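Remember, predicted model here, so these are calculated numbers, not experimental data. Below, chains carry the letters A, B, ... as their sequence lines are ordered, and counting in each starts from 1.
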Amino acid sequence: MFLDSIDKLSAWQKDCRKKSEAHKVKVQICLGPGCLAAGADLILKEFEKVFKKHKIKDVPLESIKKTGCHGFCSRGPLVVIEPKGIFYGKVKAADVAEIVEKTLINGEIVERLLYTDPDNNKTYTDWKEIPFYARQTRISLRNVGQIDPDNIEDYIARGGYAALAKVLKSMTSSQVIDEVTKSGLRGRGGAGFSTGKKWATAAKAEDTPHYVICNGDEGDPGAFMDRCIMEGDPHSVLEGMIICAFAVGSQQGFIYVREEYPLAVVNLQKAIEIAREHGLLGENIMGSGLSFDIKISRGGGAFVCGESSALMRSVAGEIGEPRAKYIRSVLKGLYDKPTVLNNVETFATIPVIMDKGAAWFSAIGTKRSTGTKAFSLAGKVRNTGLIEVPMGTSLREIIYDIGGGILDNRKFKAVQTGGPSGGCLPENKLDLPVDFDTLTENGSMMGSGGMIVMDDRTCMVDVARYFLNFLVEESCGKCVPCREGLFQLHKLCEKVCAGKAFEEDLKLMEDLSRVIVTASLCGLGQSGPNPFLSTIMYFREEYLAHIKDKKCPGGVCRDLISYVINDDCNGCMACLRVCPVNAISGSKKQKHVIDQVLCDRCGSCYAVCNFEAIDIV
Amino acid sequence: MALSVKHDLKKIQKVIALSPAAGESLIMILQDIQREFHYLPKESLAEVAGYLDIPLSKVYGAATFYKSLSLTPRGENIIRVCKGTACHIKGADLILEQLHSGLKIRPGETTPDMKYTVEVVNCVGACAMAPVMIVNDKYFGNVKCSRAMRIAEKG
């Protein structure tokens with residue numbers, strides 16, 4: 001339907017709802033990044049094959065829904081059968097025929113594919129009751145995993161574009177900005193700047209034209225929330241951007257997506273075209289007089305392009321080097337014009353705030369960090385995936401209640417938040433509420449929402465070295481403190497890992513960090529030493545173990561450990577086959593031996609041994 | 001040697017013409033060329049500069065600044081190993097060790113028969129399934145190092 005007036009939307013919504021209710025049973029196949037990596041594409045093909053072969057009563061081929069990330073990635077590939085919410089995990093292509101026969105035809109449950117809580121052996125049928133989901137509040141992720149991103153009718157049926165209609169019909173731009181300001185929404189990209197204030201500044205700027213940019217660069221390693229929103233619910237991002245364009249008086253928007261997310265580019269492009277066809281983008285949107293269009297700009301895989309001024313240069317086709325921000329980019333941004341730059345998750349949240357009101361939103365979360373925040377939970381935690389919780393939820397609740405605790409019942413060591421600019425928090429900080437200010441006060445930061453859990457087999461010095469290496473590679477090289485400082489800091493960190501550092505080096509590293517933080521041009525350098533600063537703050541004894549005892553407590557740093565085979569070895573030859581330097585000898589059913597001269601301590605043998613027959617000493 | 005391969009100029013021009021001749025298209029044009037040829041052939045850079053009417057140095061600057069762009073030819077099969085934080089702590093290095101032992105190349109290198117290129121990427125956003133490797137755009141999650149070579153070869 002082409003919407004030439006705002007009033008037509010509600011009729012269309014009714015149509016879409018009717019259509020959606022016509023097929024009661026929906027077979028939702030998650031095609032999020034996690035499930036795809038587990039082979040979800042094969043499951044989809046198999047379902048389509050079986051559906052084409054057997055006609056099932058009341059369940060036509062259209063009942064198969066290709067959705068974005070449903071969330072519970074470690075159970076992937078996921079198949080969810082609505083309306084009952086039957087949640088099948090770790091589905092194999094061979095299971096599909098059985099699901100069709102038992103569940104879709106006979107209405108029975110395939111028990112073995114359900115989720116069983118390993119702690120109490122309770123089995124769940126409905127996904128909404130599984131602790132992983134039950135403890136979440138989904139706002140920005142409200143549609144992700146529930147709708148087919150290519151089908152705008154799915155989005156409309158769930159109330160999509162109704163917020164935009166409300167804004168265009170009954171609000172002025174300053175009312176919109178007031179509402180966003182009152183909601184207390186802070187930028188979800190990590191810095192946590194008030195979205196309402198940013199919009200107000202841009203709206204007031206006299207220079208024209210005004211631009212709206214959505215930051216989908218998500219360069220933080222360990223974060224994939226924005227990816228899942230762009231892939232799984234692209235229209236919510238567009239709707240948020242259009243509302244922003246109305247508020248700040250913009251006619252042209254850009255979505256900057258990183259090259260590593262090809263599916264996000266495809267889905268956003270389709271969504272933009274479909275929105276245009278329906279009169280939701282382009283000239284005179286829904287007959288309201290507002291004209292706004294969106295272009296996609298593909299990034300080139302540079303982390304620094306997540307920084308506002310670098311991103312804007314990259315959108316303009318330049319090299320993504322940041323500039324000093326004496327004048328903020330909201331006043332002089334893209335092509336030196338006033339520019340609102342918000343993160344994907346921020347834009348996806350806007351329609352809900354407009355729909356339900358600022359008071360509703362600000363009642364969720366904490367006083368200074370309102371609403372919810374999406375996180376990608378990964379690392380050594382049992383349940384990995386995409387989650388969204390109210391601000392103020394404790395780290396412990398996230399890791400233990402939603403995440404199900406540490407993988408293989410090992411001991412928790414640290415949780416890393418905020419990507420390379422963030423930090424690692426130890427066990428005694430687990431009860432901290434997760435919000436912008438608390439995390440910053442404790443030496444980490446919210447960042448875009450990556451949350452990586454580490455167990456006792458992780459070396460914190462190695463983690464610092466890893467991030468510093470990342471930042472050295474990603475530093476654009478424009479300013480000296482970042483380019484040279486991080487390089488030297490990384491070298492010193494390597495020295496610690498090699499067991500060649502002295503205690504005085506730690507002091508040098510701390511001094512150097514201060515210089516980098518103070519003197520760097522942009523956020524990359526200013527927060528660059530954080531991985532070191534937070535680990536030295538909470539895990540100094542681990543640094544000292546490397547320096548004084550020449551030991552790596554996590555058993556990671558190659559120069560300080562050796563692998564030895566113990567008497568539990570049953571001679572299965574798994575380690576012998578995997579050793580990349582052929583340092584392991586032995587014959588079948590005989591205890592193997594590692595040649596310490598040949599061994600380069602990569603740990604492959606340790607990773608493949610199923611009998612705990614390899615010790616790290 | 002592959003470096004001296006002459007590419008069909010017409011084919012390059014066709015790829016370039018997909019984007020409008022505006023400065024903001026630069027990075028996207030380079031990406032499109034790379035998708036077609038797996039790298040940026042030398043002659044394509046001058047073509048892009050001519051098309052956008054900008055100095056060659058600017059094209060070269062962008063081509064060397066952005067990580068996803070490569071000036072050296074890459075193999076038929078691109079094997080990418082994710083080195084995001086989650087993949088790092090879950091053993092991405094072990095995958096690289098296996099690829100090195102099997103293919104005798106380190107990240108950034110291509111086998112002499114031009115069949116495989118191994119690359120490291122910062123994060124592909126499939127962290128929940130770490131460690132992840134990607135063979136020609138197909139994702140593989142929870143990769144055990146013992147399976148790395150098989151995945152690389154079979155895709």
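B/Y66 places no side-chain N or O within donor-acceptor distance of the main-chain N or O of A/G299, the cut-off being under 3.5 Å. Of the possible donor and acceptor atoms, none in the side chain of A/E260 sits under 3.5 Å from a partner among the backbone N and O of B/C123.
A salt bridge links B/E24 to A/K295: one of the charged nitrogens lies within less than 4.0 Å of a carboxylate oxygen. A/R558 has no carboxylate O lying under 4.0 Å from a charged side-chain N of B/D93, or vice versa, which leaves the two without a salt bridge.
Taken from OG in A/S604 to NZ in B/K144, the straight-line distance is 14.0 Å, to the nearest 0.5 Å. Between A/R298 atom CZ and B/Q31 atom CD the span is 5.0 Å, to the nearest 0.5 Å. Of the inter-residue distances, the one linking B/C87 atom SG with A/Y466 atom OH reads 8.0 Å to the nearest 0.5 angstrom. Note that CE of B/M28 and CD1 of A/I296 are 9.0 Å apart. Values are rounded to the nearest 0.5 Å.
Between chain A and the residues B/K58, B/R80, B/Q34, the largest count of heavy-atom pairs under 4.5 Å involves B/K58. Chain A forms more heavy-atom pairs under 4.5 Å with one residue of B/I89, B/T85, B/L94 than with any other, namely B/T85. Contact count versus chain A (heavy atoms, under 4.5 Å) is highest, among B/A130, B/G141, B/G125, for B/G125.
At a 4.5 Å heavy-atom cutoff, the contact between A/R258 and chain B is made by side-chain atoms alone. Using a 4.5 Å cut-off between heavy atoms, A/V581 does not touch chain B at all. For a residue to count as touching a neighbouring chain, one of its non-hydrogen atoms must lie under 4.5 Å from one of that chain's; by this rule A/L407 touches chain B with the side chain only. When heavy atoms are compared at a cutoff of 4.5 Å, A/F303 does not approach chain B at all. The parts of A/C476 that come within reach of chain B are both its backbone and its side chain, each placing non-hydrogen atoms under 4.5 angstrom from that chain.
Between A/C73 and B/M129, the shortest heavy-atom distance links the atoms O-SD, 3.4 Å. The two residues B/V124 and A/Y261 have their closest heavy-atom pair at O-CE2, 3.7 Å. Between A/G301 and B/S68, the closest heavy-atom pair is N-OG, 4.3 Å.
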Next item on the list: Evaluate the side-chain contact (heavy atoms from CB on, under 4.5 Å) criterion for residues B/C127 and A/T384: first the C-alpha distance (whole Å), next the side-chain angles of each, then the deciding distance (0.1 Å), finally the verdict.
Entry: CA-CA 8 Å; B/C127 318; A/T384 56; over 6 Å; no

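For the 3.5 Å distance criterion, the side chains of B/N122 and A/E474 qualify, holding a donor opposite an acceptor.
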